[in-house]
Each structure stands twice: as C-alpha cells, then as structure tokens.
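Structure record follows, encoded as structure tokens.
A quick note: this is a predicted structure, and the numbers were derived from the prediction, not measured.
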Amino acid sequence: ASVGQVVKFSKLSMIMFNGKRGLSLCRDSTIAFPSTLGVATEEAKWWAALLVKSPMRIIDVHDVDSDCVISVCGIIGTMTTELKRVRDETKELLCIRLTDRTGCVDVRSWSHSESDFSSLLERPVMLRRVRVTSFGGLKILELLEGPGTVLVADFDGADDLSLYWQE
C-alpha cells in the first residue's frame, strides 16, 4: 500500500556494499508518511511523471543503469512460474519473456501471478514503472508491487508489435 507514497526516514546509517553506498535502518530509525494533502512534492511529481515517460526499446534497456525505473513495451512471448526457496519458505517467482523487434528481456515478480497476465500472452503490452536490475550480468526488469507498475494494453505502437509477432 505504500508504493508510490512519499516517505520520510530519520536516523539512518550509511553503508557500503559491493562498492555502492546505501542506507540502512537502525534501532533508532523512524519511518513516517507525511500528509501531503493536495501538495505536490518533488518526489510525487517525479513518480507521476514516470507514467507518461516514453517507453524504451528492449535493446536500449540493456544499457540502462540498475535501479532505474523505466517504461517498456513488447510482446509477452512466454510466461512461467518457478518455485524458489526463500528463508525456509517456498515462494513463487513469475517469469515473463518480453520481446520486440530489437530483442528480449526477462521480467520477474514475486507479487504477481500468471493469472494476472494470462489474457495478455502473445499480445502487446506496455509496462509503466518497472525497475531495472541485473542478475548474472544480464539486465532483468522487476514489476513493482501494488500500484507501482501499471499495465497498458492499448497504446501507440501496439499494432506494430502485433505485426512483428505475426511475422
């Protein structure tokens, strides 16, 4: 429920992991969701602007830095669910292969299921606000939870993607 909301953290620790700086919660850390009540903060404007950002071609996704949030469109070519062991618990990982004329990229989610996308298999889809990450040297996209990632089935360029898939 907090995805897309402005949040304020206090008393964090700066950490270094694999040569990258990060923030870590401490015992004294606090988290607050300040009431913006109609006030458009810079963070809220940035988040909303991601919904109108032009989608990238899949070949260009592979050049984007990890942890960026982008939009991308393509055909859902395949979809599988893998069972993974996470902290002594079996969880389902949804794996989608998104493709366009320029290539393909894998999209993953721990919080979505195949039923969320079954009607879109082998059809054009635009994913707005997906997180770019890397695994084994390859770029992978992650769906954001809740209202984070937005699926769009009717968009400019969908007809061209359908033609590509029929070739």
Side-chain angles (χ1 to χ4, degrees), residues 1-74 76 79-98 104-117 120 125-153 155:
S2 62
V3 173
Q5 291 185 22
V6 175
V7 64
K8 180 181 178 182
F9 294 93
S10 300
K11 297 184 182 177
L12 299 175
S13 293
M14 177 80 69
I15 61 168
M16 189 73 110
F17 183 75
N18 287 339
K20 291 187 178 185
R21 291 182 187 155
L23 298 172
S24 178
L25 294 172
C26 307
R27 182 172 36 107
D28 297 332
S29 299
T30 60
I31 301 172
F33 294 92
S35 174
T36 55
L37 297 176
V39 178
T41 64
E42 290 303 313
E43 297 85 2
K45 289 177 188 175
W46 169 80
W47 183 251
L50 292 172
L51 286 178
V52 294
K53 195 173 182 181
S54 296
M56 300 184 80
R57 298 178 311 161
I58 290 176
I59 195 168
D60 297 327
V61 169
H62 298 284
D63 294 329
V64 175
D65 291 335
S66 290
D67 294 325
C68 287
V69 179
I70 63 166
S71 293
V72 66
C73 55
I76 296 179
M79 187 172 21
T80 60
T81 300
E82 298 177 7
L83 295 177
K84 300 284 188 179
R85 197 83 177 146
V86 181
R87 294 188 193 101
D88 296 329
E89 185 180 339
T90 301
K91 293 193 173 204
E92 290 185 353
L93 176 64
L94 174 65
C95 302
I96 295 172
R97 173 72 45 100
L98 194 66
C104 62
V105 66
D106 289 332
V107 182
R108 296 190 177 168
S109 175
W110 293 101
S111 58
H112 295 82
S113 66
E114 284 188 44
S115 62
D116 297 332
F117 295 89
L120 299 170
V125 65
M126 180 184 301
L127 301 172
R128 295 211 177 267
R129 292 193 302 223
V130 291
R131 180 178 170 264
V132 179
T133 188
S134 298
F135 182 75
L138 296 174
K139 296 293 180 173
I140 295 174
L141 301 177
E142 291 180 345
L143 298 176
L144 302 177
E145 295 179 5
T149 297
V150 175
L151 265 63
V152 180
F155 57 94

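To the nearest 0.5 angstrom, Ser111 atom OG is 10.0 Å from Lys91 atom NZ. To the nearest 0.5 Å, atom OG of residue Ser66 and atom NZ of residue Lys20 are 5.5 Å apart. A distance of 11.0 Å separates CE of Met79 from SG of Cys95, quoted to the nearest 0.5 Å. The distance from atom CG of Asp60 to atom CD1 of Ile70, rounded to the nearest 0.5 Å, is 9.0 Å. Note: Glu145 CD to Ser109 OG = 7.0 Å, rounded to the nearest 0.5 Å. His112 contributes atom NE2, which lies 12.0 Å from atom CD of Glu142 (distance to the nearest 0.5 angstrom).
Arg108 forms a cation-pi arrangement with Phe135, by the criterion of a distance under 6.0 Å to the ring centre and an angle within 45° of the ring axis.
No side-chain heavy atom of Val132 sits under 4.5 Å from any side-chain heavy atom of Asp65. Side-chain contact check for Leu141 versus Ile96: every heavy-atom pair is 4.5 Å or farther apart. Side-chain contact check for Thr81 versus Leu93: every heavy-atom pair is 4.5 Å or farther apart. Between Asp67 and Arg131, the closest side-chain pair of non-hydrogen atoms falls below 4.5 Å. Two residues are said to be in side-chain contact when any heavy atoms from C-beta on lie closer than 4.5 Å; Arg128 and Leu50 fail this criterion.
Listed here is the closest heavy atom pair of Ser13 and Cys26: OG-SG, 2.6 Å. For the residue pair Leu98 and Leu127, the shortest heavy atom distance occurs at CD2-CD1, 4.2 Å. Considering all non-hydrogen atoms of both residues, Trp47 and Gly148 come closest at CZ2-CA, 3.8 Å. Summarising the geometry of Val72 relative to Met56, their closest heavy-atom pair is CG2-O, 3.4 Å, with the distance given to 0.1 Å.
At distances below 3.5 Å, not a single donor-acceptor pair connects side-chain atoms of Ser134 with backbone N or O atoms of Lys139. With hydrogens and angles disregarded, no donor-acceptor distance shorter than 3.5 Å links the side chain of Glu92 to the backbone of Ser113. In terms of modelled atom types and a separation under 3.5 Å, the side chain of Ser71 and the main chain of Pro55 share no donor-acceptor contact. Thr149 places a side-chain N or O within donor-acceptor distance of the main-chain N or O of Arg129, the cut-off being under 3.5 Å.
Other residues, nucleotides and ligands contribute only 12 or fewer heavy atoms inside 6.0 Å of the CZ atom of Arg21.
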Check against side chain to side chain contact (heavy atoms under 4.5 Å, CB included), Ile15 and Leu23 = CA-CA 6 Å; Ile15 61 168; Leu23 298 172; over 6 Å; no
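For the side-chain contact (heavy atoms from CB on, under 4.5 Å) with Phe117, the lone residue among Val107, Val125, Leu143 that qualifies is Leu143.
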